[in-house]
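What follows is a short report on a single structure.
Scope of the values below: all heavy atoms of this structure, side chains included, with no hydrogens, waters or symmetry mates.
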Number of protein chains: 2
Amino acid sequence: MAKARHSRLDCTPGCAVEAAVSLIDGKWKAVILYHLQDGRTRFNELRRRVGDVTPRMLTNQLRELEADGLIEREVFAQVPPRVEYSLSDRGRSLSPIIAALKAWGDANMDLFARR
Amino acid sequence: MAKARHSRLDCTPGCAVEAAVSLIDGKWKAVILYHLQDGRTRFNELRRRVGDVTPRMLTNQLRELEADGLIEREVFAQVPPRVEYSLSDRGRSLSPIIAALKAWGDANMDLFARR
DNA sequence: CGGGGCGGTATCCTTTTCGACACTATGAGC
DNA sequence: GCTCATAGTGTCGAAAAGGATACCGCCCCG
């Protein structure tokens with residue numbers, strides 16, 4: 001997804017908005033970011049918290065978030081394997097926005113009910 | 001897009017976040033919302049401001065935003081036709097978030113440059 | 001009489017995204 | 001010996017999103 005969603009430097013004023021959104025869209029990313037605010041979390045723990053996400057999708061989204069520098073991935077050479085995800089500094093700087101989105105969503109639940 | 005992106009009431013805590021994002025995603029919506037903050041705007045004016053969006057897509061996104069109750073569409077029975085779009089109250093309540101996204105995007109431009 | 005702006009539609013096609021399902025190696029506990 | 005948990009990967013295919021192009025009636029301006 002977040003491939004060439006944002007063009008070059010021909011950035012019209014609205015471009016920054018589009019760019020920011022492009023990092024957050026993708027059905028699971030915002031939710032992942034939201035759950036990571038509670039602290040570093042392991043793969044399957046995240047899987048359980050997020051809801052019905054297939055491992056394939058979760059991996060996928062996590063990799064993209066990592067590529068975008070919003071989260072960090074740490075592997076412990078153990079058996080059974082242990083991998084922990086956490087917010088990077090950049091990711092943490094996004095927290096207020098995630099929180100605002102959650103607040104807004106809660107306040108506008110009626111919108112989603114009727115459907 | 002924003003069809004059954006949000007399920008029912010099986011809302012896990014992260015659900016509100018996902019729901020909120022689902023209204024904003026879709027490549028152009030956030031940008032449109034951003035430009036509408038300047039006041040009511042006509043179709044082609046919006047088209048120019050947003051950048052290279054085809055009329056088809058613009059119509060499409062506007063209709064979805066309208067269906068979600070974020071914007072209002074007013075048609076003036078004139079010739080030439082005159083249609084103005086503006087933020088609804090609900091849409092206006094989203095403004096701080098849009099502004100935050102723009103600010104974040106501006107502050108993290110480096111992320112989009114390297115690509 | 002030609003060209004442009006107005007606010008869109010219609011049709012077609014390509015790209016992207018998402019979900020289901022199966023499968024992996026390892027070790028621990030029963 | 002069986003099953004469970006860990007952290008994924010691979011393949012397939014459907015559905016959705018997005019883009020290109022052409023077109024509409026109507027009017028004003030030159």
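- In this structure, A:Arg47 places its CZ atom 10 Å from P of D:dA7, rounding to the nearest Å.
- Between B:Asp25 and A:Lys27 no salt bridge is recorded (no basic side-chain N to carboxylate O distance below 4.0 Å).
- Listed nucleotides: C:dG19, D:dG18, C:dG8. Nearest to the side chain of B:Gln61: D:dG18.
- At a non-hydrogen distance threshold of 4.0 Å, nothing from residues 34-44 of chain A comes into contact with DNA chain C.
- One atom, CG of A:Leu46, and another, P of D:dG8, lie 11 Å apart when rounded to the nearest Å.
- A search for salt bridge (charged side-chain N to carboxylate O under 4.0 Å, His left out) contacts involving A:Arg48 returns A:Glu45, not counting sequence neighbours.
- Summarising the geometry, the separation between CD on A:Glu45 and P on D:dA5 is reported as 13 Å, rounded to the nearest angstrom.
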* Would you give a per-nucleotide map of nucleotides 24-30 of chain D, 5' to 3', where B means the base has a protein non-hydrogen atom under 4.0 Å away, S means only the sugar-phosphate does, and - means neither? => ---S---
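- C:dG8 atom P lies 4 Å from atom CZ of B:Arg73, rounded to whole Å.
- Spacing between atom CD of B:Gln78 and atom P of C:dC6 amounts to 13 Å, rounded to whole angstrom units.
- Other residues, nucleotides and ligands contribute at most 12 non-hydrogen atoms within 6.0 Å of the CG atom of A:Asp52.
- Look at CG on A:Leu58: it is 14 Å from C1' on C:dG19, rounded to the nearest Å.
- You'll find the side chain of B:Val17 stays beyond 4.5 Å of the side chain of A:Leu33, heavy atoms only.
- By the salt bridge (charged side-chain N to carboxylate O under 4.0 Å, His left out) test, A:Arg40 is found to be paired with A:Glu74, A:Glu84, residues two or more places apart in sequence or in another chain being considered.
- For the OP1/OP2 pair of C:dG19 and a distance below 4.0 Å, the side-chain nitrogens and oxygens of A:Lys27 include at least one atom meeting the criterion.
- Contact annotation: A:Arg48 side-chain N/O to D:dA7 OP1/OP2 distance is not under 4.0 Å.
- Distances shorter than 4.0 Å separate none of the side-chain N or O atoms of A:Arg82 from OP1 or OP2 on C:dG27.
- Side-chain contact between B:Glu72 and B:Glu66 is absent, with no heavy-atom pair separated by less than 4.5 Å.
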What N/O pairs connect the protein and nucleotides 11-15 of chain C at under 3.5 Å? Give each pair on its own line.
residue	atom	partner	partner atom	Å
C:dT11	O4	B:Arg56	NE	3.4

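- Protein atom CE of A:Met57 is 14 Å distant from nucleotide atom C1' of D:dA15, rounded to whole Å.
- In terms of position along DNA chain C, the nucleotide closest to B:Tyr85 lies nearer the 5' end than the nucleotide closest to the other residue of the pair A:Thr54 and B:Tyr85.
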Identify all side-chain donor-acceptor contacts of residues 91-100 of chain B below 3.5 Å with residues at least two apart in sequence or on another chain.
residue	atom	partner	partner atom	Å
B:Arg92	NH1	B:Asp89	OD1	3.1
B:Arg92	NH2	B:Leu87	O	2.8
B:Ser93	OG	A:Trp104	NE1	2.9
B:Ser93	OG	B:Arg90	O	2.6
B:Ser95	OG	B:Gln37	OE1	3.2
B:Ser95	OG	B:Arg92	O	3.1

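- Within the 3.5 Å criterion, the main-chain N or O of B:Leu58 finds no donor-acceptor partner in the side chain of B:Arg47.
- Two residues are said to be in side-chain contact when any heavy atoms from C-beta on lie closer than 4.5 Å; A:Ile32 and A:His35 fail this criterion.
- What separates CG of B:Asn60 from C1' of C:dG7 is a distance of 15 Å, to the nearest Å.
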